[in-house]
Student: 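Here it is, the structure, as C-alpha cells.
For the single chain, residues carry numbers from 1 onward in sequence order. From a predicted model like this one, the values you see are computed outputs, not experimental measurements.
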Amino acid sequence: MQGGAGGQLHEIPVSSRKARFALVWAGSAISTIGTRTLGVAYPLLALAQTKSPTVAGLAGFALTIPILVFYIPGGLLVDRISPRRIILCAEFGRLLSVASVLIMLPFEGPSLTHLLAAAAAEGTLWVLYTLAEAALLPSVVQPALMHQALAKSEAASHVAAIAGRPLGGYLFAVGRYIPFALNTVLFFVSWSLLFGWRGGSGRRPAGPSLWRDLTGGFLALKQLPFLGSSIMVTTFTNLMVNALIMVFVAGSAGMASLDIGLVLAAGGAGGAAGSILAFYLPPVRHVLQIHMWIWVLGLSLAALGAALGEKSWFFALALFVTGVGGALSNVAIRSVEVHAVDPGTLARVVGASRLSSHGALCLAAPLGGLLVTWGGVEKGSLALFGVMLLVALLVGVIGPLRRRLTPPLPDLFKKESLMVG
C-alpha cells in the first residue's frame, strides 16, 4: 500500500495549501450543520403535514437508508472522479433539493413523495460529500500536519452536530420554512467555497472488473490489519453506546425535553473535547485497547447512575467520556487511512469502514428498546456494561484475540507521528 497524495502536494505552495484546507474545513462545518438541521426538519415537516408519526419515521428512514446503500458504490465513484468535482455536484444537488421543498411550502406542499425524495437525496448526497472530503484532504495537507488537520475536521463535525439538531427544531418551531431557507443559503455558501478552486487531484480510470473495483476497499483492508481491526472494534462500541442512548431515551418518560436534549448533547461535547486533545497530543500506539476500556468506563458510569436513580447526570457523563474516546480514536484511525492507504483506493476504504460502523446504528435502536422492555433502564444499562466489560477482559487476557482485535498503530504511522512531535 502506498500512502500520501503523490506529487500533488509539491506543486501547491504552502500558503495555498493552508487556504485550501481552510475552505474544505469551513465547507465541512457548514455542510454538517445543514445535514443535522435537516435531519430534524424533514421528519418534523412530514409530521406537521400528515399528523402521522409513521410518516415522520419514514422521512427519518429516507435520510438514513443511503448510509447502508451508497457508501460502497459512492466510494468507487469518488475514487474514479475528482473529489472536488464530487463535492461541488453534491452541494449543488443538496441546494436544489432543499430549495425545491422551500418553493413548495407556500402552496401547501411539498407532496409526501416529493418530501421523501428530497430527504433521500439529502442522505445520498451527504454520503458522497463525506467520502469526497476524506479523499480530498491528502491533496491539500502535508503528511506531517495531517493528524492535526484531521483533529480540526473532527472538532468541526462535533460542534456542528451539537448546534445543528437543536437549531433545526428551534427554527422549525419559529416557522416551518425557516430551516429550509437557511439551508438553501448554507449549501450555496459551501458550494461557492470550492467553485473558484482550480485544479484538484486526478482520479484513476475504471478497472477491468467492476466487482473487483467495488470490493477494492475491503480487499485493501485485508492488507491493513490495524484498519480492519478498528472497524470491528468501533462497530461494536458504536452499537453499545447507541443502544445505551436508546435505553436512556426509552426510559425518559416524565423528563423535560430540554433535559433529554442536554444529556444527548454531552456526547457531542465530549467529541469536541476529544478532538482538541487529539490536536495537541500525539496518537497513542495502543489506541484500540484504550478505546475499549474507555467504553467500559462510560458504560459503568451509566449503570451506576441507573442503580442510584441519578441517570441524567451519570448518563451525560457516560456519553461525554465515550465522546472523548471516540474522537481520539477517530482521528488516529483516519490518520492511518490517509498515511497507509493508496489514494486511488482511499474513498472505498473509508466507505467500507463507515458502512460497518454506521450500520451498527440500525441495530442499536431495537436492541436498546428490547433491553428496556426486558429489565428497565437499570438492568438494561447493567447488561450493556457487563457485555462490554466481558469483551474487554477477553480481549485483554487472550493473546491471539488481543493481537487480532487491538493491534498497535502501524510503524509507518508511528514514524510520522514521531516526526510531528
Side-chain angles (χ1 to χ4, degrees), residues 3-5 9 14-15 17-30 32-33 130 133-134 136-163 226-227 230 233-234 237 241 265-298 301 316-341 350 353 357 406-421:
L9 281 172
V14 173
S15 58
R17 287 201 298 270
K18 290 181 178 179
R20 289 189 173 188
F21 173 72
L23 293 177
V24 174
W25 183 87
S28 177
I30 291 170
T32 303
I33 291 175
T130 56
E133 180 196 9
L136 185 64
L137 282 179
S139 68
V140 298
V141 179
Q142 292 175 289
L145 300 177
M146 182 59 70
H147 185 77
Q148 291 182 328
L150 291 172
K152 290 181 181 179
S153 175
E154 184 80 8
S157 68
H158 285 290
V159 172
I162 294 172
F226 175 84
L227 291 181
S230 71
V233 170
T234 56
T237 53
V241 75
S275 302
I276 295 172
L277 288 175
F279 181 84
Y280 290 104
L281 299 176
V284 180
R285 183 164 172 76
H286 295 285
V287 63
L288 295 181
Q289 292 181 24
I290 294 173
H291 178 92
M292 295 190 71
W293 285 105
I294 287 175
W295 251 249
V296 171
L297 173 61
L301 290 169
L317 185 57
L319 295 180
F320 182 85
V321 167
T322 54
V324 172
L328 290 170
S329 303
N330 286 344
V331 173
I333 292 167
R334 291 179 65 189
S335 296
V336 174
E337 289 173 345
V338 170
H339 283 89
V341 176
V350 172
S353 173
S357 59
T406 58
L409 284 171
D411 290 338
L412 171 65
F413 181 69
K414 186 180 179 183
K415 292 175 183 177
E416 292 284 358
S417 64
L418 288 173
M419 182 175 67
V420 174

Student: What's the shortest heavy-atom distance between H158 and A327, and which atoms?
Tutor: NE2-CB, 4.1 Å

Student: State the CZ-CD distance between F226 and E337, to the nearest 0.5 angstrom.
Tutor: 9.5 Å

Student: Please report the interatomic distance CG(L23) to OG(S28), rounded to the nearest 0.5 Å.
Tutor: 12.5 Å

Student: Can you tell me how far CD1 of I290 sits from OG of S329, rounded to the nearest 0.5 angstrom?
Tutor: 8.5 Å

Student: Say you draw a straight line from OG1 of T234 to CH2 of W295; how long is it, rounded to the nearest 0.5 Å?
Tutor: 9.0 Å

Student: Check L328 against A278 and note the closest heavy-atom contact, atom names and distance.
Tutor: CD2-N, 3.7 Å

Student: Kindly compute the distance separating CG (L297) from OG1 (T322), expressed to the nearest 0.5 Å.
Tutor: 9.5 Å

Student: Is M292 close to T406 at the side-chain level, that is, under 4.5 Å between some pair of heavy atoms?
Tutor: yes

Student: Return the minimal non-hydrogen interatomic distance between L227 and V336, and the atom names on each side.
Tutor: CD2-CG1, 3.8 Å

Student: Please report the C-alpha distance between F279 and V331 in whole Å, then the side-chain angles of each, then the deciding distance to 0.1 Å, and finally whether the side chain to side chain contact (heavy atoms under 4.5 Å, CB included) criterion is met.
Tutor: CA-CA 9 Å; F279 181 84; V331 173; over 6 Å; no

Student: Provide the closest heavy-atom pair for A273 versus F320 in the form atom of the first, atom of the second, distance.
Tutor: CB-CZ, 4.0 Å

Student: Decide side chain to side chain contact (heavy atoms under 4.5 Å, CB included) for Y280 and I276; before the verdict, give the C-alpha distance in whole Å, the side-chain angles of both, and the deciding distance to 0.1 Å.
Tutor: CA-CA 7 Å; Y280 290 104; I276 295 172; 4.0 Å; yes

Student: Using the side chain to side chain contact (heavy atoms under 4.5 Å, CB included) rule, take K152 and S275 through it: C-alpha gap first, then chi angles, then the decisive distance, then the call.
Tutor: CA-CA 7 Å; K152 290 181 181 179; S275 302; over 6 Å; no

Student: When rounded to the nearest 0.5 angstrom, what distance separates CG in L150 from CG in N330?
Tutor: 10.5 Å

Student: Please determine whether side chain to side chain donor-acceptor pair (under 3.5 Å) holds for the pair H291 and T237, giving the CA-CA distance in whole Å, both sets of side-chain angles, and the decisive distance to 0.1 Å.
Tutor: CA-CA 9 Å; H291 178 92; T237 53; 2.9 Å; yes

Student: Side chains of F21 and L145: closer than 4.5 Å at any heavy-atom pair?
Tutor: no

Student: Using a 3.5 Å distance criterion without hydrogens, assess whether the side chain of R285 forms a donor-acceptor pair with backbone atoms of L409.
Tutor: yes

Student: If we only count heavy atoms from C-beta on, is the E154 to R334 side-chain gap below 4.5 Å?
Tutor: yes

Student: If I compare all heavy atoms of T32 with all of S157, which pair ends up nearest, and what's the gap?
Tutor: CG2-O, 3.7 Å

Student: Identify the two heavy atoms, one from L137 and one from M146, that lie closest to each other, and give their separation to 0.1 Å.
Tutor: O-CE, 3.8 Å

